[in-house]
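Below, chain A is the first sequence line, B the second, and so on; all start at residue 1.
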Amino acid sequence: MTITIPPTIRGIEFSADMLFVTAKAWILTLLGRFLPDWLIVLASITISGVVILCLGPLIMMYLTLLERKLIGRIQNRYGPNRVGKWGLLQPIADGIKMFTKEDIVPAKADKVVHLLAPIAIVVPALMIFLVVPFGERMTAVNLNIGLLYFIAVSSITILPIFMGSWASRNKYSLLGGMRTAAQMISYEIPMTLAVVPVIMMSQSLSTNTIVLTQEGSYDMNWFIFTPWGIVGFVIFFLCATAECNRPPFDLPEAESELVAGFHTEYSGMKFALFYMAEYMNAFTLCGIAVTLFLGGWQGPFFPSWLWFSGKTFVLICVMIWFRGTFPRFRVDHLMGFAWKFLLPLTLINILLTALWQFTSNLAAWLWSILILGVSLWTLVKLNRTFVPEKRHYLLES
Amino acid sequence: MTLFGWGVLKGMGVTFKNFLTSYFRKPDEGGIFTVQYPEEREGTAENYRNFPFLVYDGAPEKIRCVACGICERECPPKCIHIEMELDAAGKPARKPAVFDIDYGLCMNCGMCEEVCPFDSIFMDHAFEVAAPERQIGLVRHKKELLKSNEYFREIRPALASAIDQKRKAVEEKKKAAAQPASSQSSGGTGSL
Amino acid sequence: MPILEIAAKYTTYAVMAVILVFALGVVTLRNLFHCALCLAAALIGTAVLYVVLQAEYLAAIQILLYVGAVVTLVIFAIMLTEHLAGKTVRQNNSQSLPAIAGLLGFVSLLTALILKTPWPVTPTALQAKVLVMGLGKALMGDYVFPFEVISIVLIAALIGTVVIAKKDQPEEKA
């Protein structure tokens, strides 16, 4: 029996670029032979959904391994290398460990909310995957408000953290939860404003369209190759690091001060879910950063999905590199950095983009750099650390 | 004033250099320090002492220990148990029939090594002595405790050769004393 | 695809029912924190309804503003209020009867208004879809004045916070 190529597939040229798209179309046409139309619609949704639901945890599992390996190398150690070749089965061993661990709920905890928090935190983390364009025609749902959706959904993440921290009835959890909320609200504002220039230049909120506007010659007309793009990218990336509570912005789970922050009282699989959400957020935020500033899946020679995953991988490695390098912020420095440094800079960046839209040539480069330099210098001057004058007390004789 | 953010970049440069050098440098020059224990081992120092063992010469029957029981008496945590072997006539055979050391009790003080007048008990280099349970799992019997002089020479060459020389000298002296005076005198005259 | 449409219809009803349950929870539950969580759930449910009605922009803004900002603020307030978060507080007091009377009046007024208003449901109106671009143009064009006026409220709030947060002047020495 030979499998004939279904007619709908003939329209799509069979190339490495369209590998996954073709695979999905093929499955759907195969199903179309013996299923009614409305089930095909459901099947299409289910396939994308199942892929995302598998992709999320898988990414999380191997991000933990990657992180441990890279951090190990930075600290002159081997990372995990016992379970499987190069420790490749380590995440699975960790998963088994997490599943079989005892689930401890504090006696005075709010049982229902305590249980719901880790479940609720995974939902927004998985929902963001919907608008990430993994490749050409590989956005799960091509919303025309994709970016807004991303911002809205990532803002819900605060709620489960609050739930978990409050329901644990633990002072460390509560302090961690409060810190998380303060930090996430603060960093959401510069993050949202850092995105605005991209929306202005691409004139769309759809992640797919934003990637398409970065096409250009050799598919290399990425937004990061403009002055406002660099600034926007740096601000967005820093805020993304703060949003997913990664070092050096990991005050919510500062081990030396708060045991483990909002998930102090969690164990076993519930704890793993918190971690899963954190790593999936790290991935999606890197993916969105790639989409917005690094041209998404645009790039010469290689298939689109490879470009996207490669760029995202590099960004994640940078996040891990941050973790291996920087000590933790102090609380007031953290807040000051967001409100007094990043926020004014984003506003200047928006103005700069507005000017750039009308004049983009070599001269524009020069004066953009000038404006940025002056504003950066001013902000640094205004933000300089206040060192109180040393007081000398004369000893009374 | 240095450039804003320069320190941050410098710090990241340091960690990145560390990351790269971990792949091709030696431990002392910025490479990985880790010794992957079961496969790789660092050699133990010669004077490292951990848990006593019994030395024999040549074959396990030629055990140096005469079951005098000095170590048993001197042992601070009393972890040694010795029983004298009796020959057919019921007389002590100057050999241990039972020689047990409870490694669970032993505190590695090395007293037994110091007090032994027959150079038969010495501290080992053994550190992989895990046992599934602590009551009798860590008790070592004579069979396990017996180790050859060659092994002793291998792990602690300086001490072993010193002991060997001493024993040789004693043996020669004994031989000289046991042999008739003629040979001794002839040797003596020769030297004179 | 009638089956999908029917399914969507009943899912919408189910969502509405869930919103009602959570809304009742907001006003009846005795633990303030639970009330706040119910409020968040009800607001998210409303956003889902907006999505069903093809107003994605409104849904996203609903979640961003109400769940992301307002509920967080409410929870912050609850947590910062001493000894309130853990307690079980009665949700009604002796004024409940007059409150019910007022509420009934309001509801009857609202129903009368809804029944009186002619709803111009035409096929073209059903087909019309508000795009984000259109909303942006409307905000920056026709409705730029109210838009800017609202920003004054924001400025006022910001200045107010600064005034409140500012340290008091040290009292002059007598």
Side-chain angles (χ1 to χ4, degrees), chain A residues 66-83 85-87 230-231 233-235 237-238 241 247-249 314-315 317-329 333 337 340-342 344-345 369 372-385 387, chain B residues 1-51 103-104 108 124-135 137-138 144 155:
Chain A
L66 179 76
E67 171 147 35
R68 290 164 73 179
K69 285 292 230 191
L70 290 190
I71 291 281
R73 285 287 171 177
I74 284 171
Q75 296 162 353
N76 281 347
R77 299 182 279 113
Y78 302 92
N81 61 356
R82 292 283 133 175
V83 195
K85 182 87 178 154
W86 305 311
I230 299 170
V231 176
F233 172 70
V234 171
I235 294 171
F237 192 61
L238 287 178
T241 317
F249 304 100
V314 169
L315 280 196
C317 287
V318 173
M319 269 194 178
I320 295 169
W321 186 9
F322 278 171
R323 179 174 171 180
T325 309
F326 299 126
R328 194 174 296 127
F329 264 82
H333 285 178
F337 186 60
K340 293 191 221 157
F341 186 80
L342 291 182
L345 202 60
I369 289 170
L372 280 176
V374 168
S375 50
L376 204 66
W377 185 79
T378 321
L379 281 176
V380 170
K381 275 285 161 204
L382 287 174
N383 272 304
R384 69 188 183 281
T385 328
V387 183
Chain B
M1 192 191 95
T2 51
L3 197 64
F4 177 70
W6 180 244
V8 167
L9 291 178
K10 223 161 85 180
M12 289 183 76
V14 169
T15 42
F16 189 65
K17 209 188 88 202
N18 233 4
F19 173 73
L20 287 183
T21 53
S22 74
Y23 279 100
F24 56 85
R25 287 271 181 84
K26 289 198 181 77
D28 293 335
E29 297 155 3
I32 289 181
F33 289 91
T34 317
V35 178
Q36 304 209 56
Y37 164 61
E39 291 95 34
E40 299 169 14
R41 285 150 192 269
E42 281 189 322
T44 41
E46 195 187 326
N47 275 350
Y48 172 67
R49 299 172 306 159
N50 209 16
F51 295 125
Y103 277 9
N108 300 316
D124 203 349
H125 280 185
F127 52 89
E128 290 158 314
V129 287
E133 47 91 40
R134 69 197 170 97
Q135 296 303 339
L138 281 167
E144 295 119 32
I155 60 166

Side-chain touch A/Pro247/A/Arg328, heavy atoms, less than 4.5 angstrom: no
Partners passing side chain to side chain donor-acceptor pair (under 3.5 Å) against A/Ser375 (at least two apart in sequence or in another chain): none
Pick whichever of A/Asn81, A/Ile74, A/Ile71 has the most heavy-atom pairs under 4.5 Å with chain B. A/Ile74
Would you call the rings of B/Phe127 and B/Tyr48 parallel, tilted or perpendicular, taking 30° and 60° as the class edges? perpendicular
A/Leu70 versus chain B, the contacting section by heavy-atom distance below 4.5 Å: both
Side chain, backbone, both or neither: which part of B/Val8 has an atom under 4.5 Å from a heavy atom of chain A? both
Any ring pair (Phe, Tyr, Trp, His ring centres under 6.0 Å) involving residues 23-47 of chain B? Give me the pairs, sequence neighbours left out, ordered by first then second residue. B/Phe19-B/Tyr23
